[in-house]
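Quick note: numbers below take in every heavy atom, side chains included, and nothing from hydrogens, waters or symmetry partners.
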Amino acid sequence: LLAAMHEAGAGRLVLASSPGARAGYDTALDDTRNRIVYIGGAASNDVWALDTDRLTFTKLAAVGTPPVVAASEIAAYDAMHDRIVYAGIETYTLEFGASDQGQWVFNDATSLVAPASGAVDPTRSLLVALDADSLRGFSFFTGTWHDIAIGGDAPPAGAELVWDDSAKRLLAVADGVFDLAFDANATTATFTMLPTTNAPTPRT
């Protein structure tokens, strides 16, 4: 479908239903159901899902008390427990065990300080969050956060975390690319700036 649209010169998908243009949301890939789940944004705490097979949006009727809308948040799918971990102002989980629509459950009072980014290290079943104050890890095994000490050349605030599957490592991308290496217990992370060529100009 996408290839056909490209050949036809189409610039973007036009969908019958969507959450509309908004900023400040986050997404998680629910690969159990082949969908991208959109949470929050535009001063709203609603939940939408984009079916990646049919390319259709559906607003989910999630039950429970949703999290407060945050200025900066991260979300990641925890396949081990069939839920999305969502952290912004406090930490919540959106549980799918009983329903594909989801149920909000308060996890703990851990909040993130904007700007924040996050990525999953699948080798450790760990959601790693980098915010303006610290580096933290949320274990999918225990459902708890722990602080991660930072060593080396720490990236600037606002760096984006990303998982590099080819090298099985986390990277932080900002005005440069930083390798993130954990100790055995993932309680300390050492950042090393990597040599790059043809870098874009600094940006946010």
Rounded to the nearest 0.5 angstrom, the CD1-OG1 distance for I148 and T190 is 11.5 Å
Can you tell me how far apart OG1 (T27) and CG (L50) are? Round to the nearest 0.5 Å. 10.0 Å
Any carboxylate oxygen within less than 4.0 angstrom of a Lys/Arg side-chain nitrogen, looking at R35 and D51? no
Answer yes if the side chains of N185 and T187 hold a donor-acceptor pair under 3.5 Å, and no otherwise. no
Could you check if a side-chain atom of L126 sits within less than 4.5 angstrom of a side-chain atom of H146, using non-hydrogen atoms only? yes
Got a salt bridge between R22 and D46, using NZ or NE/NH1/NH2 to carboxylate O under 4.0 Å? yes
How long is the gap from OG1 on T192 to CG on D153, to the nearest 0.5 Å? 6.5 Å
Under 6.0 Å from the OH atom of Y25, do we count more than 12 heavy atoms belonging to anything else shown? no
Spell out, yes or no, whether F106 and L94 are grouped together once hydrophobic residues are joined by side-chain heavy atoms under 4.5 Å, including indirect joins. yes
Tell me which one of D26, V37, T93, D78 satisfies side chain to side chain contact (heavy atoms under 4.5 Å, CB included) with I84. V37
Correct closest heavy-atom pair for F96 and R83 would be CD1-CA, 4.2 Å
Check this for me, if you would: do R169 and D121 make a salt bridge, where the nitrogen-to-carboxylate-oxygen distance has to be below 4.0 angstrom? no
Y92 and W104 aromatic ring geometry - parallel, tilted or perpendicular at 30°/60° bounds: perpendicular
Please name the pair of heavy atoms, one in D131 and one in A116, separated by the smallest distance, quoted to 0.1 Å. CB-CB, 3.8 Å
With no hydrogens and no angle check, is any side-chain donor or acceptor of S139 less than 3.5 Å from a backbone partner on T142? yes
Any side-chain to backbone donor/acceptor pair from H81 onto G97? Under 3.5 Å, distance only. no
Report the C-alpha separation of I36 and D30 in whole Å, then their side-chain angles, then the decisive distance to 0.1 Å, and conclude whether the side-chain contact (heavy atoms from CB on, under 4.5 Å) test is met. CA-CA 6 Å; I36 301 170; D30 176 358; over 6 Å; no
Treat each ILVMFWY residue as a node, draw an edge where side-chain heavy atoms are under 4.5 Å apart, and state whether L112 and V85 are in one component. yes
What's the spacing between W145 CH2 and S134 OG if we round to 0.5 Å? 9.0 Å
Cluster check F141, F138: I/L/V/M/F/W/Y, side chain < 4.5 angstrom: yes
Kindly indicate whether the side chain of S117, heavy atoms from C-beta on, has any atom under 4.5 Å from the side chain of L161. yes
If only atom types and distance count, is the side chain of T52 paired as donor or acceptor with the main-chain N or O of N34 below 3.5 Å? yes
Could you tell me the separation between the CD1 atom of I39 and the CG atom of N45, rounded to the nearest 0.5 Å? 10.5 Å
Please name the pair of heavy atoms, one in A71 and one in A114, separated by the smallest distance, quoted to 0.1 Å. CB-CB, 4.5 Å
Is there side-chain contact between F178 and L194, with heavy atoms separated by less than 4.5 Å? no
Is it true that the side chains of Q101 and S99 contain a donor and an acceptor less than 3.5 Å apart? no
Lys/Arg-Asp/Glu bridge criterion (N-O < 4.0 Å) met for R33, D82: yes
Are L170 and V162 co-members of a hydrophobic cluster defined by side-chain heavy atoms under 4.5 Å apart? no
Roughly how far apart are F57 CZ and S18 OG, rounded to 0.5 Å? 6.0 Å
Could you check whether T32 and Y77, counting side-chain N and O atoms only, form a donor-acceptor pair closer than 3.5 Å? yes
Kindly indicate, with the supporting measurements, whether the criterion side-chain contact (heavy atoms from CB on, under 4.5 Å) is fulfilled by D179 and L171. CA-CA 5 Å; D179 174 73; L171 299 174; 4.2 Å; yes
So which atom in A157 and which in P115 form the shortest heavy-atom distance, rounded to 0.1 Å? C-CG, 4.1 Å
Taking all non-hydrogen atoms of both residues, which atom of V120 and which atom of W163 are closest, and how far apart? O-CB, 3.6 Å
Can you find a pair of side-chain heavy atoms, one from M193 and one from V177, that are under 4.5 Å apart? no
Side-chain (S111) to main-chain (E90) donor-acceptor, under 3.5 angstrom: yes
Looking only at heavy atoms, the pair that brings G118 and I74 closest together is N-CG2, 3.5 Å
Side chains of T91 and Y86: does their closest heavy-atom pair fall under 4.5 Å? no
Decide whether T58 and W48 meet the rule of one side-chain donor and one side-chain acceptor closer than 3.5 Å. no
